[in-house]
Amino acid sequence: MCLKKSPTNGFNLAHAGTIRTHIDNITSIRRVWPDVAAVGSDAAAGLHIYDISGGRHVASTHWTDPSDPRIYKALVSAIADSPNSVYASFSCRHKENCILVIDKSTFQVVSEIGRQLGSSMKTMVPGKLTYMPSSSLIFGSAVTSGAFGYSGYIRLWDSRSGEVVWETTEPGSGRSSRFGDSFADVDVDVDESTMFKVCSNSGDVGMADLRKLGEDPWVYLRDNNPSMGHTGGGESNSVIHCYRKQVFVGRDGGLEVWSQVEEKETGEERENRVCEGFYRRNYVDKLDNLERGTVMRMEGGGDRLFISRENVEGIEVWESSNFSGSVSVL
């Protein structure tokens, strides 16, 4: 696990230190205290807690069930946290899964949320988790793809009761015109209480107000500038990430950002925060950036956007208010 820090000017990032972990293939990581990180792996069972300042492994949390011996060596797929708890999705080899609620002060298991068999698309382990402080909801999603396209679900749990308060699956929900155009990825904007998806076939970006969810809550963003049109989804790999009221979409090697158009909103739109023309699209990178490799994951932090690409060593960092420059960190 490598730590990076940046000087106050320019795009140069300096290596600050390296922490040796006892696990391979770290696939999820979350800072739960200023100097403490929770780490999950697809090769080592359990949620592992590291003291970053001291470079020490301080605790491990495992999913166990004395009444079911099959619950053994469960792997962590996603991590989120609230002021008092850590939420981690665990999955066993026979695919049964759940979200564990873990006390932040002791790192002991408090309760289980959403235990399911994992035998179908609707019961897969959540690959993304986000805690929403304004509503105390946990946002979870899972996506899979195969010969017949993409499928997945989005689910909201009440963190206090553990009950599902809303869910949707694709294919199987929404307008008939969108059948066959399931989402390839989904993310949530915690500050705006909105969620976004990128469609696997058309490449369209859908937006929904989390305060007004129903059977079909999606509004699809439209860019009035014809020169900003995209080529659609099709066989491309698409990922989406919300950060600081912006929506970043990676399509294969390309990167675009949807930003709010404040001056155009009416009083009703300001209240609803959802309308087709509420966001405007711009391309973040240049044509030669497309050849760097497929965008696999994005994460925002401070004034920067961190990107990992398929088969590319290191991390790509975009900086500045307009995200107009980048540097690769090896």
Problem set entry | Flag, side chain of His57 to backbone of His48, donor-acceptor distance under 3.5 Å | no
Seminar exercise, completed: Across all chains, not counting sequence neighbours, the side-chain hydrogen bond (donor to acceptor under 3.5 Å, both in side chains) partners of Arg155 are Gln116, Glu167
Problem set entry | Side-chain donor/acceptor of Asp209 to backbone N/O of Pro217, under 3.5 Å | no
Exercise. Under the 4.5 Å side-chain heavy-atom rule for ILVMFWY, direct or indirect, which residues accompany Met124?
Worked result: Met121, Tyr153
Exercise. Got a sec, which residues hit salt bridge (charged side-chain N to carboxylate O under 4.0 Å, His left out) with Asp51, two or more places apart in sequence or on another chain?
Worked result: Arg56
Exercise. Excluding sequence neighbours, so at least two apart, what forms side-chain hydrogen bond (donor to acceptor under 3.5 Å, both in side chains) with Trp157?
Worked result: none
For this session: Kindly say whether Asn237 contributes a backbone atom to a donor-acceptor pair with the side chain of Asp252 at under 3.5 angstrom?
Result: yes
Problem set entry | Gap separating the CD1 atom of Ile307 from the CD atom of Glu299, nearest 0.5 angstrom | 11.5 Å
For this session: Measure the shortest side-chain to side-chain distance between Leu305 and Val284 over non-hydrogen atoms and say whether it is less than 4.5 angstrom.
Result: no
Seminar exercise, completed: dist Lys122:NZ -> Thr168:OG1 (nearest 0.5 Å) comes out at 9.5 Å
Exercise. Rounded to the nearest 0.5 Å, how far apart are CH2 of Trp258 and CE of Met207?
Worked result: 11.5 Å
Exercise. Who else is in the cluster with Val109 when I, L, V, M, F, W and Y are joined by side-chain contacts under 4.5 Å?
Worked result: Val32, Trp33, Val36, Leu47, Ile49, Val58, Trp63, Ile71, Val76, Ile79, Val86, Phe90, Leu100, Ile102, Phe107
Problem set entry | Under 4.5 Å side-chain linkage, directly or through intermediates, the cluster mates of Phe148 | none
Exercise. Quick one: side-chain hydrogen bond (donor to acceptor under 3.5 Å, both in side chains) partners of Asp189, sequence neighbours excluded?
Worked result: none
Exercise. Can you tell me how far the CG atom of Asp187 sits from the CD1 atom of Ile154, to the nearest 0.5 Å?
Worked result: 10.0 Å
Exercise. Under a 4.5 Å cut-off applied to non-hydrogen side-chain atoms, are Phe278 and Val219 in contact?
Worked result: no
Problem set entry | Atom pair CG (Asp181) and CG (Asp204), whose distance is rounded to the nearest 0.5 Å | 6.5 Å
For this session: Determine which pairs satisfy side-chain hydrogen bond (donor to acceptor under 3.5 Å, both in side chains) with at least one residue from residues 124-146, sequence neighbours left out, and list them in order.
Result: Lys128-Asp185
For this session: Would you give the length of the straight line joining atom CD of Glu256 to atom CD1 of Ile240, rounded to the nearest 0.5 angstrom?
Result: 8.5 Å
Exercise. Glu163: what forms a salt bridge (charged side-chain N to carboxylate O under 4.0 Å, His left out) with it, not counting sequence neighbours?
Worked result: none
Seminar exercise, completed: salt bridge (charged side-chain N to carboxylate O under 4.0 Å, His left out) filter on Asp42, not counting sequence neighbours, yields none
Exercise. Any side-chain hydrogen bond (donor to acceptor under 3.5 Å, both in side chains) pairs touching residues 71-84, not counting sequence neighbours?
Worked result: Arg30-Asp81, Asp81-Lys104
Seminar exercise, completed: Sorted by chain and number, sequence neighbours left out, side-chain hydrogen bond (donor to acceptor under 3.5 Å, both in side chains) with His94 holds for Glu96
